[in-house]
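Working notes, structure below.
Proteins get letters first, then strands, A, B, ... in listed order; numbering begins at 1 in each.
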Number of protein chains: 2
Amino acid sequence: MSSLIKDLEGLSLTHEAPANNEEWASILAKSDVAKFAGPYELTKVLVFKPKTAKTATPVPVVVVALNSTQTASNIVAKAAGVKEPRLANKDLINEFFGTEPQNVSPISITKENASKLKILIDSKAAEKSTLLAIHTDSNAKTAFITGDKLIEAYESIAADVTVVDFAKEAAAAAASATPTAGSGADKSAKSGSAGAVAKASANEGKIDGAALIGITSDKELDFPGWYQQIVTKAELLDYYDVSGCYIMRPGSYSIWEKVQNYLDTRIKSIGVQNAYFPMFVSSRVLEKEKDHIEGFAPEVAWVTKAGQSDLEEPLAIRPTSETVMYPYYAKWIRSYRDLPLRLNQWNSVVRWEFKHPQPFLRTREFLWQEGHTAHLTKEAAAEEVLQILEWYAGVYEELLAVPVIKGTKTDKEKFAGGLYTTTCEGYIPTTGRGIQGATSHALGQNFSKMFNIVVEDPEGSDKPKINVWQNSWGLSTRVIGVMVMIHSDNKGLVLPPRVASNQVAVIPVGITAKTTSDERDAIINGAKNVEKTIGDAGVRVFGDYRDNYSPGWKFADAELKGVPLRVEFGPADLKKNQVVAVRRDNGVKTVIPIASLADEIPKLLETIQADLYTKAKKQFDEHIVPVTTVAEMTPLLNKKNILLAPFCGEEECEDSIKETTARRDDDEEVDEKAPSMGAKSLCIPFEQPELKEGTKCVNCDRLAKAHTLFGRSY
Amino acid sequence: MSSLIKDLEGLSLTHEAPANNEEWASILAKSDVAKFAGPYELTKVLVFKPKTAKTATPVPVVVVALNSTQTASNIVAKAAGVKEPRLANKDLINEFFGTEPQNVSPISITKENASKLKILIDSKAAEKSTLLAIHTDSNAKTAFITGDKLIEAYESIAADVTVVDFAKEAAAAAASATPTAGSGADKSAKSGSAGAVAKASANEGKIDGAALIGITSDKELDFPGWYQQIVTKAELLDYYDVSGCYIMRPGSYSIWEKVQNYLDTRIKSIGVQNAYFPMFVSSRVLEKEKDHIEGFAPEVAWVTKAGQSDLEEPLAIRPTSETVMYPYYAKWIRSYRDLPLRLNQWNSVVRWEFKHPQPFLRTREFLWQEGHTAHLTKEAAAEEVLQILEWYAGVYEELLAVPVIKGTKTDKEKFAGGLYTTTCEGYIPTTGRGIQGATSHALGQNFSKMFNIVVEDPEGSDKPKINVWQNSWGLSTRVIGVMVMIHSDNKGLVLPPRVASNQVAVIPVGITAKTTSDERDAIINGAKNVEKTIGDAGVRVFGDYRDNYSPGWKFADAELKGVPLRVEFGPADLKKNQVVAVRRDNGVKTVIPIASLADEIPKLLETIQADLYTKAKKQFDEHIVPVTTVAEMTPLLNKKNILLAPFCGEEECEDSIKETTARRDDDEEVDEKAPSMGAKSLCIPFEQPELKEGTKCVNCDRLAKAHTLFGRSY
């Protein structure tokens, strides 16, 4: 809010209306409060899209309210007589208002669009005595009008206006709310305690009063909505007009570059070389290994035309490159002396999934690296599989501050066509689901038999030829999504310092209308010196000296973007030769003498990095629950746990566990948006508790082979 | 050859035949020379595929000859009665012999395949008195047989054998050869002097006596064949089973990584950020800018299916990303404060060209970077265009030692939909053609108008909105092809030290059968110390201590792969505390004391880098010829020149020049494989000779606007 107040203070009160909005210019010019005189109310405008038949044109509901009024969507639904109103997306707002969501203001409603909209006005904003401060254009200009004049203006352009007492309606809704209440808003309520659900029915997971630049959905109450806002508002990515594809903006790509650098250096240290194979693969080659292609066939994108011509043979876009590469491995590997052959590529692959796409986690095109190696012996291959997995875990734990559990996949979950799959598995506390982090596969000799990759036995050419032992291993941009889901909060992104492009934001503060020009210069120059000192210590730092934003706005912006540390520098700091450092992860403030900056800031960043990991590790550890009977599983899963169970390892038993744990338990809330409600095996952890002799499988009468992690998962 | 001798010395003479080759095992066992006794001849086996109707199965011609015999393909043609025999590719050899080309030996001809082959035996190898040393399997084993026994063996398996006196035939062919001789071999003769052509008709551009691991086509006489061999045998790339797509092996990808590092650091220094946009684009968006899409439409690859389902709307794979990105630029750029917006991506694009593909130069999928930026003013955009071009020229000149000429494209050749295009243009001396190196485009406001990328004037919102000024700029893996074509020679690749993964190869020499174990250890350890000293000086060095190859083989291998400097270390060097360094580019040997290695080796590498550039620059400079009349152009182009001509700049005049210079000139040799025989404008060089007032265009009566470079080009 402080930025608006600042705007008001600095602006002339004669509003300059946009050229295409003459009616409004004239209305505001005539408004008898054009002379600013005393207490006023900040306003907000929200645009909702009701649930509409696909073929019908939606009628957006525009809510004009005081900034302080909670405008829950269930009340919007009731007042406007519509179903399941959701905050409209940018495209719809562009279509109806010709502008971006953040630019919609009370005067965005014009003669041209009024007939296509429903308007709800907060009763508190509709009164003659209320002086409304409204943004008029791009948040840069402010005008004033009283509530009654605003309604008069709307009526003059034949708008469909309803005045709503949101506070009264909210009280009534809260009184009648129960976990099983049937209102439209309830449908999106997430699993959780009954109390949380009641809260959700009142405000549908929206954070009322959240700054417009910030996150307006609550992480606990509307996790999907929150996640979508985080990734877009923190400018990690943007939605693209091809469904399931996303734009990786510099905010996320720079994290990917840090991951690349971490891994690339390490894999090169063991002799892996980078290469690039074509993205196209003929169906004949793609289908060479049957088990393998069965896993991918339904998701393969096919190129059938070039220019105006049909291709003779359709070409697949690689979903992964085993079959692209291995015919050439057969050609290049002519002797055991050519082994090991270790190639890696940083590329994109395409899997046309028809499941609900999720930014970073499930996308139709994604970036990854895929390593493909060939070895003379099973042992050499096995050693590499584990070395790579160790580095994958390092990406999560050392870079992204995300704890993972390393283990082996069950036969059911292993890579199709491979021998065994190792994995590191993460955990999303908010949803209580496991998530596969990255996998390192021992392919055995299966592919080398299919593609005839053989060498002579080093012992002599009279011995039978040896099929090489192969591995493949991949880590994708999914790592970014996992990191976001775990650390970020309702203020925005939280970035571990090691992957943050900007580790520190230096923000000058305390410059007011009364500050003299000399004082102002001293503060700005002081801040720039602070920035330089921190930068010289090897820290990635930037100073935010923009003069069109208030410090409060800059704080919110840095918080939204996940900058790990904010360093404030104002008049008091200038006097005392100090700064105030504020941690993004926990808000803790520390005063640091300027003389200690070069030591303290890097230390503080490492502390933040470590604390983020420790916090996430604690959450993970507390939600790993040992179980011995299948009956315990569903209630514990519903409490957001991952389960460690003795397990026989049989595929049919695993299917049975999935089915049992997917069953609706009427005493429990059920998350209808879960991709799968049943528990899957996540991995057989390398670190095993003792398995006493004779221990039975959690779900059948067979003996357990090992403790296995089960969980609902992404 | 030395490796074979070494093999002989070390091997038992009882041949162990491969299991699948019992006849041969028995023949060799019975051979009365199974006891090795004195002078023998090394043999070679070459497999040719004659020109055959596409539907017919080819009958390969197998030539078994002494290693020292020249076996020119025109003689093979005549003796076997076939047309245009070419060295068979790996697939064909695999099909007929079930092994790789380098493993084909005299005993690869068996009962099973004999009826499908024609066999030519060198008369020198067919004599009873000649003891032949033959490889029997994977080059690792050697057996001995006399010529008459070999022929007897072939006859016993009903092979079609002809004895040929190659030396006599070659003399006869040389005597009758003329530039216009009509033999099959002549058809592939390349442009060049009449003398060179005569040479070509005798040996068809093949390098007789070239080691089998090395290049067997001559750069001057068979440039396309030479280039294909260089890129594959030096392991830069491999041909892929989708036409026009190639595999970038570590040999070339590592060069690309160095180019990436060079450019990425520089563009980031001016605030460019990396991002990644999806590879798919809907036809609606792709076609938004008409001029632009016209240039690309015939080459666009279309995805129409996913799994078994047809897509609702076909999706293009990006040929370039202007239309992919700019709708989002319109969304993200909300204020002049958001400018400049500078994004870059390292990605692959697909242009389904139907012209003849060329590794690195013209491929259907290729790697590049594409930068896309938006600026408030034309001036800011123009400044960046030139800065980027400077760095592109730097990639060529500083990294790849390739001279380029910077300039502006004519209107005819500029980027479709842009304002103007700047370019750096290279020159391939062997073909005398120009090649576009990389382009940096000023797009002007054309795209920002199409995509509505506007900001308010900083002067005030009452001023008209401003369409942003955009640039796009790209540099691709083509750079590698240009580098290869310019520097490499008949021994293989020549790499400028700055892009060589291995800058120095340390090779121990002088170890013979008489060397004691202690002496051997001293040499190997000495070489390893040399390697360490050089490595510690920051040089990328490797030691080649493989014990299954002779020093000569290692020399040839390092030369083939383009290692800039070979460092030999033998018994004499051990005594004198020195090494012998041999430059790849010019073969010059230098003795360097070990104490000076850390200083001298890096210096020598920089000298090589500089000399490569200087040599290429001289070649380029000597072939830029000023012309004032169009009549001069064709003969000068035929002499491999690039022409600098005063030019009016009109498109129709440029078309006319192209047509005129494409005309066949009967007095001159004509290169029938040229993609275009007519001269195109390459660029209007920034560095202009004085243009005297009143100077006419080289081709019409209009006044010349500037000197323009014309050339045949890739």
Side-chain angles (χ1 to χ4, degrees), chain A residues 16 18 90 100 103 137-138 140-141 238 240-242 245-250 253-254 256-257 273-282 285 297-308 314-315 317 327-328 331-332 334-335 337 343 347-348 350 352 354 365 367 456 460-462 546 548, chain B residues 16 18-19 90 100 102 137-138 140-141 238 240-242 245-250 253-254 256-257 273-282 285 297-308 314-315 317 327-328 331-332 334-335 337 343 347-348 350 352 354 365 367 456 461-462 546 548:
Chain A
E16 294 167 351
K90 303 204 169 189
E100 298 299 315
N103 297 342
D137 196 24
S138 304
K141 302 272 172 180
D238 212 334
Y240 186 67
D241 81 331
V242 173
C245 294
Y246 303 90
I247 299 162
M248 283 185 72
R249 301 183 69 179
Y253 198 86
S254 63
W256 185 236
E257 288 180 310
Q273 295 181 296
N274 285 334
Y276 187 79
F277 286 72
M279 70 157 85
F280 299 115
V281 52
S282 69
V285 174
E299 301 174 356
V300 168
W302 292 96
V303 175
T304 61
K305 275 180 64 179
Q308 293 302 313
L315 294 171
I317 302 180
Y328 298 90
K331 183 178 168 188
W332 297 333
R334 296 176 300 224
S335 151
R337 293 174 189 271
L343 299 183
N347 59 340
S348 79
V350 172
W352 211 260
F354 292 91
E365 182 193 2
L367 298 182
E456 257 184 25
S461 59
D462 53 333
R546 292 179 284 182
N548 59 323
Chain B
E16 294 167 350
K90 303 203 170 190
E100 297 300 315
Q102 68 277 17
D137 197 24
S138 306
K141 302 272 174 179
D238 211 334
Y240 186 67
D241 82 332
V242 173
C245 293
Y246 302 91
I247 299 162
M248 282 184 72
R249 301 183 70 179
Y253 197 85
S254 62
W256 185 236
E257 288 180 309
Q273 295 179 297
N274 285 333
Y276 187 79
F277 286 72
M279 70 158 84
F280 299 115
V281 53
S282 69
V285 174
E299 301 173 355
V300 169
W302 292 96
V303 175
T304 62
K305 275 181 64 180
Q308 294 301 312
L315 294 173
I317 302 180
Y328 299 91
K331 183 178 168 188
W332 297 334
R334 295 175 300 223
S335 152
R337 292 174 191 271
L343 299 183
N347 57 342
S348 79
V350 171
W352 211 260
F354 291 92
E365 182 192 3
L367 298 181
E456 258 183 24
S461 59
D462 52 334
R546 291 179 286 182
N548 59 323

Between CE on residue A:Met248 and OH on residue B:Tyr276, distance to nearest 0.5 Å:
10.0 Å
With a 4.5 angstrom heavy-atom cut-off, which part of A:Arg337 approaches chain B: side chain, backbone, both or neither?
side chain
Please classify the contact of A:Ala297 with chain B as side chain, backbone, both or neither, using a heavy-atom distance under 4.5 Å.
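For A:Ala297, the contact with chain B is made by the backbone alone.
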Between B:Trp352 and A:Phe280, how do the two ring planes meet: parallel, tilted or perpendicular, split at 30° and 60°?
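Rings of B:Trp352 and A:Phe280: perpendicular, as their planes differ by over 60°.
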In terms of heavy-atom proximity below 4.5 Å to chain A, should [X] be classed as side chain, backbone, both, or neither?
| X | value |
| --- | --- |
| B:Phe354 | side chain |
| B:Tyr328 | side chain |
| B:Asp238 | side chain |
| B:Val285 | side chain |

Residue among A:Tyr246, A:Tyr253, A:Trp256 with most heavy-atom pairs under 4.5 Å to chain B:
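Among the listed options, the one with the most contacts to chain B is A:Tyr253.
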Based on non-hydrogen pairs under 4.5 Å, which of A:Val242, A:Asp241, A:Asn347 is most in contact with chain B?
A:Asp241
Considering non-hydrogen atoms only, spot the tightest contact between A:Met279 and B:Glu365 and give its length.
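Residues A:Met279 and B:Glu365, closest heavy atoms: N-OE1, 2.8 Å.
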Shortest non-hydrogen pair, B:Trp332 vs A:Ile247, comes out as CH2-CG2, 3.9 Å
Return the option, out of B:Pro278, B:Pro250, B:Gly307, with the maximum number of heavy-atom pairs under 4.5 Å with chain A.
B:Pro278
Checking side-chain contact (heavy atoms from CB on, under 4.5 Å) for the pair B:Ile317/A:Ile317: CA distance, chi angles, key distance, verdict?
CA-CA 10 Å; B:Ile317 302 180; A:Ile317 302 180; 3.8 Å; yes
